[in-house]
Amino acid sequence: MPAGPSAAAAWPANRRSSGVDLARLHHMANQIARNLAAQGEDAAIAATAQHIRDFWDPRMKAAILGGDRSPLDPIARAALDRLDPA
Amino acid sequence: MGYEPQADFGTPAVQSDQAVTLAIDGRSVTVPAGTSVMRAAAECGGSIPSLCATDSVKAFGSCRMCLVEIDGRKGTPASCTTPVEPGMVVHTQTARLQRLRRGVMELYISDHPLDCLTCSANNDCELQDTAAEVGLRDVRYGYAGANHLGLPTDDSNPYFDFDPSKCIACSRCVRACDEVQGTFALTIAGRGFASKVSAGQASDDFLSSECVSCGACVQACPTATLQEKAVKEIGKPERAVVTTCAYCGVGCTFRAEMRGEQLVRMVPWKDGKANRGHSCVKGRFAWGYANHRDRVLEPMIRESIEDPWRVVSWDEAFAYTAQRLNAIKAQHGARALGGITSSRCTNEETFLVQKLVRAGFGSNNVDTCARVCHSPTGYGLKTTFGTSAGTQDFDSVMQADVILVIGANPTDAHPVFASRMKRRLRQGAKLIVIDPRRIDLVRMPHVEAAHHLPLQPGTNVAVLTAMAHVIVTEELADEAFIRERCDWDEYQDWARFVADERHSPEVLEAVTRVPAADLRAAARLYATGGNGAIYYGLGVTEHSQGSSTVMAIANLAMATGNIGRPGVGVNPLRGQNNVQGSCDMGSFPHELAGYRHISDSATRGLFEQDWGVALDPEPGLRIPNMLDAALDGSFRALYIQGEDILQSDPNTHHVAAGLKAMELVIVHDLFLNETAGYAHVFLPGSTFLEKDGTFTNAERRIQRVRKVMEPANGLADWEVTQRLAQAMGQDWDYRHPAEIMAEIARLTPSFAEVSYDHLEEAGSLQWPVNAAAPEGSPVMHIDGFVRGNGRFVVTDYVPTDEKTGPRYPLLLTTGRILSQYNVGAQTRRTANTVWHEEDLLEIHPADAENRGIKTGDWVRLASRTGETTLRADVTDRVAPGVVYTTFHHPATQANVVTTDYSDWATNCPEYKVTAVQVMPSNGPTDWQESYASWAERSRRVAREPAE
């Protein structure tokens, strides 16, 4: 009998490509950016960057900074540019 | 302390600026104007016999026992209904009064069973005491006439009996139900000799009536007519200890009344400032889980979750756990370890768990159940006001003129506070309810909402922005307050944003489904109706825009000047008993105690110096991130104290997968809960009755939890965490939770003046408690916001990504019910199941008819995430297109259906919006059957030691 009722199987494999779940991080970053967008572009970019800086664990930051940024909204992408290591 | 009944002053206390001095039996006494003679006598140490009077309800004047003589007045007025007057000279003990009282008493006793020696209220009966007090020695009328002595007992309620043969028709129970609880379930049926207390209709018993089993009637009863079954079974208590309830965030204080080591009953403490002597069915009666047979009292370990559990000694459990934690840390680094603190445990225990994670494990991967409930409150109120907490005390509601309830169901989830709110509404305050469901408050006895805005789930921000549009465009904002207290430029930016025509109620009606005229009327009422107070719950926070909604609420309060005085404010109704405290104690991965960011080197330095270790300056993982990271392989060990994330957190499949991916899961709990199925170590927990500490309720009130019995497992929870820390090499040496509180106070500015001695002296304290406010802060932001200027934040409506469509055309929202609590781990193990044996799906008649569903039918509830089955309850409490269920029972596992969409700022799950389909079903799903089998298998315990 498997350990748990189809536990891992029920969690879609496409959400767990290799290593970190980038799709989820992209969704989170875009969601932050969209909710801050009403502040105006410059402020939203700064606030999105600060939010990720303040609330994301280092491995999450590293993963999104090191990954494909094409799924990101412009504000989220610009925010990540500010977070890039110098 | 020994057993003494709580003092009863006969009539309620009166607040007045004017004092009145009078003489009672030769003693001079000064009391507030409006006080009754009865209460004045009691306050100067006197005692006037009475039967129908008790200080929780208004004077009634029916029993004629409390008669007094007053110089210059004819007759013998009832002292309970006679207000004091200056210079009044009162005599409470005269021969005439003695004769009158004895005559009345004789009539009472002529229709009362003379079974005192075998009565459960023997020596705890006001009728018995009063008979003795008036010197009744004989009853001249005999007992052969018509009487009530043969009436049968109603024992339908699981917790108390109603024996009408002992009833003296004093109406205290009826009045307590009306005035204290506000349910109006009881009445005096019949007239004259036929008068009797009746619950509901003539055909009802207590169980089938509207009675909510709050216990107010039992507490008010002067005889054994309404008596706890436990008193009948165990006997009269012999000692009492005041402690704090471990259920919801109201934080009721109780007297735990004991006989030896056995709890007889929990009686609400009259001096409790959160509950003011009231209770609900959970706190009052549902404590039987503490001794339930399911409770596990010995530590257990296993190598694999496929194995049966093996019972071990505490020493072996700690050594094994520490060795495995240290090994994982050595191989994968500190950030592979984490912990979850419990909002059911004390501040001191929570503080120790986060300290163990930060200082012992070496990571900031600590989170708490607030992640899935009020984390958006923390974010939203800190951003706008500067503090992560509600602004008022509960007493404040009694000065509110307009009460706005959004996304909360207080009569079910915070019933004791709801009773106070209902009392204020009966006094004339206006009510606005914003909720997809027609919650009880919308219309119930003597309460009717002025406006119910039944919005489409997921559109809170749109509704609040439309209200703001009305307030700004109709020039209802309090400009003077805003200019004085807030950033004017930010306000103008916000005002321009909300005033845009696209945010008008008329335009947004297509989204919110709230009629524009109703919304406009509600906004006008809130802005212009006097003191406006907002109360909200998880219907606000558990959305993809939970934090935005909290900030939108704060914007409304600031725009209308409804902040900084009694009667107004922004009030989150917290779910669990210590969720405020667990957040205060540094349970979030980005914050140290007192809501200070981990990246702040000055704050971090304080803790590093005190703890003697370097702390990670980067924020840690939140619970959902921990589960993701477990699947990625970078997070491997989790210590969970007093939470059941498999049942409580969204998307059960994902939670299970994350837990299963971990090398080491440590569950520290009372029971082998659902999460324990995936655990390798089980550490037995202790109940709130078995330990010392403090809880902090929804009004920031810090209250003592006092040990009333020894831990059944041998160790309080704080001791378990300390032993684990010591096994990992930490040099902790706390001998009492008071020492932990001393550490909290020296490291947390808002707790700077908190100590056990101070709490003993004050009874309770509302933080901040510091040099500026040494006796605490019932109302916050009085002279200015904690952050300086109040900050208006533009909150745009961003629809959730969870969409309905042809396959999933309905919206599911989830919540809770009065008799049950959270995942039901406690309440399912009490007689409360009589009111809620299983989770039900509420569905509107139109949606049910379309699907051929009737009440009681099995239905399959399916979402993109998963599916379960449960029985249907066809009701128009929910709107067409919306279905609702609770998450109290693991057999249903409502969170199999919920998604992992979450609040943009905090990752608080979007429990309140899930696109679903509902279809008839013939029984449990394959998953439910598979899970039931797994759950049983995962709880196997090998009784013989392994070779």
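What you see below is based on every heavy atom in this structure, not just the backbone, and it leaves out hydrogens, waters and symmetry mates. We name chains A, B, ... by the order of the sequence lines, and we start the count at 1 in each one.
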Interface residue of largest heavy-atom contact number with chain A, from [options], under 4.5 Å:
options: Ala905(B), Gly633(B), Ala629(B); value: Ala905(B)
options: Val461(B), Val798(B), Leu621(B), Thr906(B); value: Leu621(B)
options: Glu591(B), Gln545(B), Arg622(B); value: Arg622(B)
options: Gly620(B), Gly658(B), Gly866(B); value: Gly620(B)
options: Trp494(B), Phe588(B), Tyr379(B); value: Tyr379(B)

Let me know if [X] has heavy atoms under 4.5 Å from chain A in its side chain, its backbone, both or neither.
X: Asp801(B); answer: side chain
X: Tyr901(B); answer: side chain
X: Asn365(B); answer: side chain
X: Ser634(B); answer: both
X: Ser363(B); answer: neither
X: Ala935(B); answer: neither
X: Phe635(B); answer: both
X: Asp926(B); answer: neither

Are Arg335(B) and Asp57(A) ion-paired here, with the side-chain N under 4.0 Å from a carboxylate O?
no
Tell me whether Arg34(A) is salt-bridged to Asp796(B), with the criterion being a basic N under 4.0 Å from an acidic carboxylate O.
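The answer is no: the pair does not qualify as a salt bridge.
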N/O donor-acceptor pair under 3.5 Å between Glu618(B) side chain and Asp54(A) backbone:
no
Give a yes or no on whether Gln50(A) atom CD has more than 12 heavy-atom contacts from other residues, nucleotides or ligands under 6.0 Å away.
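Correct, the count exceeds 12.
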Out of His51(A), Gln39(A), Arg53(A), return the one with the most heavy atom pairs under 4.5 angstrom to chain B.
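Option with the greatest count: His51(A).
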Checking heavy-atom separations under 4.5 Å from chain B, one finds in residues 58-79 of chain A Pro58(A), Arg59(A), Met60(A), Lys61(A)
Asp903(B) side, atom CG; Asn35(A) side, atom CG - distance, nearest 0.5 Å:
7.5 Å
Between Trp904(B) and Ile32(A), which heavy-atom pair has the shortest distance, and what is it?
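Result for this residue pair: O-CG1, 3.4 Å.
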Between Ser902(B) and Gln31(A), which heavy-atom pair has the shortest distance, and what is it?
O-NE2, 2.7 Å
Atom group of Leu36(A) that falls short of 4.5 Å from chain B, counting heavy atoms:
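Looking at Leu36(A), just its side chain touches chain B.
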Could you tell me how the ring of Phe55(A) sits relative to the ring of His597(B): parallel (under 30°), tilted (30 to 60°) or perpendicular (over 60°)?
perpendicular
